[in-house]
Amino acid sequence: MAKLLYKLGMGAHRRRLPVVLIWLLVLIGAGAGAFTLGGETSNSMSIPGQESTTALERIQDTFGSGETAQARVVLQAPDGQKLPQHIKTITDLVADESALQGVRSATNPLDPAAPSVNQDVNVGYSTVTYDVKPGEVTAEQRADLIKAVDKARAAGLTVEVSGTAMQEIPHIGGATEAIGVVLALVVLALTYGSLVTAGMNLLSAGIGVGIGALGITIATGFMDLQSTTPILASMLGLAVGIDYALFIINRYRQELRRGSDVGHAVATAVGTAGSAVVTAGLTVVIALVGLAIAGIPFLTQMGVSAAATIVVAVLIAVTLVPAVLSMLGRRVLTRKERAAEASEPKDRGVVRGWAGAVTRNRVAALLLSVVALGIVSIPVASMDTTLIQKPPANSTQERADQILAKGFGEGFNGPIIVLFEGDGAAATATRESEPLAKLSDVALVAPAQPSQDGKSALVTVIPKSGPDTVETEKLVADLRAELSDVQGGKAYVTGATAVSVDVATSLDRALPIYLAVVVGLALVLLVLVFRSLLVPLVGVLGFLLTIGSSLGATVAVFQWGWLADAVNLDGTGPLISLTPILVIGILFGLAMDYQIFLVSRMHEAHHRGAKPIEAITTGFRQAAPVVIAAALIMFSVFAGFVPAGEPTVKSIAFALAVGIFVDAFVVRMVLVPAALALLGERAWWLPKFLRWLPELDVEGTALDEIEQKGEKEPVAVG
């Protein structure tokens with residue numbers, strides 16, 4: 001692979017202008033395609049074939065509801081008053097709602113035929129139905145609705161708005177995300193000592209993310225993608241794009257300092273660091289595509305979309321980056337380095353001291369890191385997950401939910417729908433409603449709503465508990481048990497809470513399988529890279545500690561509320577169901593990145609004859625500075641999505657930021673070198689029956705032949 005990538009790097013050097021122009025054309029083409037073909041993303045998280053999803057599809061076919069965006073305008077009378085005392089204000093509000101652009105209908109909470117008020121008649125709601133799907137209501141339409149609401153507020157009522165029509169599609173880019181990018185630029189500038197090189201690194205990564213994000217936008221025109229998909233893909237693509245370019249540029253600078261001309265330095269950088277980039281990128285891609293194991297379509301789409309962005313980042317790193325480096329020539333070095341004669345950079349005292357301290361005190365370092373990460377991992381045992389998302393703090397949606405919970409009960413915001421099918425469905429639903437009402441957590445069972453043909457009926461069950469509570473989740477199971485043998489028909493339990501329970505169950509079932517596959521892939525990959533059994537085992541055990549501490553810290557903050565203000569957390573509660581499996585998949589790939597980049601330099605030193613401890617310290621001194629920079633960049637990018645992040649992304653970004661920090665600075669830079677120092681020569685042992693395995697040559701040792709033959713580009717550029 002090293003020789004092939006060397007030739008690719010040399011080709012990018014010789015044809016640098018066409019390479020740059022091709023990537024710019026791809027970016028422009030992706031932008032044009034996104035503008036003309038792009039569609040809308042979806043907030044739906046369901047699994048085809050499961051009971052809750054099947055029921056929703058049948059309800060849509062039979063009753064024609066559930067696919068259009070709705071706003072629930074919640075009204076509360078002043079203390080001591082009733083809503084009928086404000087009948088004119090309410091009537092005018094409903095008329096204003098009905099006249100809004102895109103509104104199909106608006107109900108009156110005081111309609112005698114279908115009232116929607118509580119028993120005290122001081123809280124009610126008007127349902128505003130739009131003629132578009134959720135996520136397609138424009139900002140102007142939401143603003144018009146708020147104007148209509150403001151008129152009712154001025155008349156003395158408390159009015160708030162919730163519902164799918166008020167949900168905004170999350171967008172990429174914001175103040176805190178920009179801070180993360182600025183911090184990444186600062187780290188790059190300090191690493192290179194050159195703002196031009198740092199800017200080039202960031203720009204190349206930005207082109208990769210732009211192409212990836214625009215490609216996902218094009219895909220939305222042909223399929224329904226979950227609304228967090230482009231954010232996750234962009235977040236991950238930006239982080240690895242910066243890091244992969246960093247590794248290539250760093251090796252290029254090393255080759256220039258050794259006295260290589262520009263062409264050979266470019267080709268060697270791609271052949272050596274590029275080999276590690278391709279291997280690491282392949283690892284991330286496999287982990288993300290492997291999310292398909294869960295059998296959940298929207299999760300598979302997330303994984304494939306993010307993997308496609310990673311592929312673009314790798315291609316950028318091994319083609320566009322070397323082409324731009326060729327154009328810059330020796331200007332990527334500082335003025336002092338350009339003026340000095342070729343020489344290897346001096347060892348950095350801090351890094352050299354760190355490596356020496358870890359290897360000398362290897363037993364203490366190993367035990368301390370394992371115990372510390374084990375303690376941080378403890379909260380994982382109490383992790384709860386859900387798909388039910390709370391509205392933003394202090395928003396009109398949150399206030400609306402609070403008024404409804406106070407007026408109608410906590411469970412009103414999370415109703416459970418039961419669909420009955422069969423001849424005489426309405427009679428069956430009425431008969432079965434009586435035992436349902438006696439279940440422990442049921443507050444109310446609404447009268448059956450029959451279909452026009454009489455073969456279907458809907459029953460709404462209002463729980464006593466809130467939608468994201470354990471009691472309500474248990475009620476879903478109790479309802480299904482109670483309705484498992486309905487006489488004269490069939491019953492389905494659905495609704496947002498039931499969908500959440502079904503998705504969580506599927507994810508819980510898939511998680512151990514996915515983790516086993518990921519760990520197995522890590523072992524196979526690392527055995528091929530390092531031709532050793534014990535090094536991969538150390539790397540994988542370190543990865544498990546990374547996962548434990550990452551999710552443990554996330555549970556402590558997002559469920560227990562520790563340091564909640566530091567991450568601008570609206571409120572505590574269960575983690576989003578997607579968090580564990582996504583974090584495992586993404587961190588697996590990134591952890592293997594650091595394992596490959598750091599340990600491959602140790603392996604290279606050992607391969608060249610260094611003793612075990614010497615190989616560890618030599619490889620550490622060579623690779624640790626760039627790994628530190630890469631980790632700080634990834635941490636900055638992920639952390640930038642936490643303070644103002646969309647709820648689904650916030651916990652995932654936090655877990656990734658913690659995981660990156662722990663994996664780079666504790667696992668890879670303390671635990672792994674300490675364990676390898678403790679193992680000594682045995683660390684690089686490979687049984688005879690495995691010596692037939694192919695050698696990936698991530699270190700680029702095959703390029704020694706090229707260097708010995710003097711196959712360098714005769715003309716230096718820049």
Quick one: does [X]'s side chain get under 4.5 Å of [Y]'s, heavy atoms only?
X      : Y      : answer
Asn122 : Val117 : no
Val442 : Ile462 : no
Thr91  : Asn108 : yes
Leu83  : Leu157 : yes
Val161 : Val74  : no
Leu511 : Pro580 : yes
Leu37  : Thr217 : no
Leu479 : Leu436 : yes

Minimum-distance pair of heavy atoms, taken over all atoms of [X] and [Y]:
X      : Y      : answer
Gln559 : Pro574 : CG-CA, 4.1 Å
Gly548 : Ser377 : C-OG, 3.0 Å
Thr89  : Ala152 : CG2-CA, 3.9 Å
Pro415 : Pro463 : CA-CD, 4.3 Å
Ala287 : Gly585 : CB-O, 3.2 Å
Ile403 : Thr158 : CD1-CG2, 3.9 Å

Practice problem: Before giving the answer on side chain to side chain contact (heavy atoms under 4.5 Å, CB included), spell out for Leu75 and Ile90 the whole-Å C-alpha distance, their side-chain angles and the decisive distance to 0.1 Å. | Solution: CA-CA 9 Å; Leu75 305 101; Ile90 295 173; 4.0 Å; yes
Quiz item: What pairs with Arg480 under salt bridge (Lys or Arg N to Asp or Glu O under 4.0 Å), at least two apart in sequence or on another chain?
Solution: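 Salt bridge (Lys or Arg N to Asp or Glu O under 4.0 Å) check on Arg480 returns Glu51, Asp502.
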Exercise. Count the heavy atoms of every other residue, nucleotide or ligand shown that sit under 6.0 Å from CG of Asp423, and state whether that count exceeds 12.
Key: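 No, because the 6.0 Å sphere around CG of Asp423 holds 12 heavy atoms or fewer from other groups.
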Quiz item: Counting heavy atoms not belonging to Lys147, are there more than 12 under 6.0 Å from its NZ?
Solution: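 No - once you tally the heavy atoms of other residues, nucleotides and ligands closer than 6.0 Å, there are 12 at most.
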So how far is it from [X] [atom1] to [Y] [atom2], rounded to the nearest 0.5 Å?
X      : Y      : atom1 : atom2 : result
Ile146 : Gln141 : CD1   : CD    : 13.0 Å
Ser440 : Leu475 : OG    : CG    : 7.0 Å
Ile216 : Met302 : CD1   : CE    : 10.5 Å
Leu578 : Ile296 : CG    : CD1   : 7.5 Å
Leu587 : Leu551 : CG    : CG    : 8.0 Å
Asp96  : Ser126 : CG    : OG    : 11.0 Å

Quiz item: Between Val461 and Val493, does a side chain to side chain contact (heavy atoms under 4.5 Å, CB included) hold up when you go through it step by step?
Solution: CA-CA 10 Å; Val461 178; Val493 178; over 6 Å; no
Quiz prompt | Qualifying ring pair (Phe, Tyr, Trp, His ring centres under 6.0 Å) pairs, either residue in residues 562-585, two or more places apart | solution =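 Qualifying pairs, neighbours excluded: Trp560-Trp562.
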Look only at the side chain of [X] and the backbone of [Y], and say whether a donor-acceptor pair between them is shorter than 3.5 Å.
X      : Y      : result
Ser305 : Gln301 : yes
Gln85  : Lys82  : yes
Ser234 : Ala213 : no
Thr494 : Ser52  : yes
Glu432 : Ala429 : no
Thr554 : Ser550 : yes

Closer than 4.0 angstrom, basic N to acidic O: yes or no for [X] and [Y]?
X      : Y      : answer
Arg58  : Glu421 : yes
Arg153 : Glu160 : yes
Asp92  : Lys151 : no

Quiz item: Excluding sequence neighbours, so at least two apart, what forms side-chain contact (heavy atoms from CB on, under 4.5 Å) with Ala405?
Solution: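 Residues passing side-chain contact (heavy atoms from CB on, under 4.5 Å) with Ala405: Glu410, Asn413.
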Quiz prompt | Test of ring centre spacing under 6.0 Å for Phe412 and Tyr125 | solution =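 Yes, ring centres under 6.0 Å apart.
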Strictly by modelled atom types, are [X] and [Y] linked by a side-chain donor-acceptor pair under 3.5 Å?
X      : Y      : value
Thr386 : Ser500 : yes
Glu473 : Thr497 : no
Ser451 : Thr62  : no
Thr472 : Thr469 : yes
Gln487 : Thr428 : no
Gln70  : Thr129 : yes

Quiz item: Could you go step by step and tell me if Val555 and Ser382 meet the side chain to side chain contact (heavy atoms under 4.5 Å, CB included) rule?
Solution: CA-CA 8 Å; Val555 169; Ser382 62; 4.0 Å; yes
[X]: which residues meet the ring-ring contact (aromatic ring centres under 6.0 Å, His included) condition with it, sequence neighbours left out?
X      : result
Tyr492 : none
Tyr130 : none
Phe654 : Phe558

Practice problem: Check the pair Val418 / Leu458 against side chain to side chain contact (heavy atoms under 4.5 Å, CB included), numbers first and verdict last. | Solution: CA-CA 6 Å; Val418 181; Leu458 293 179; over 6 Å; no
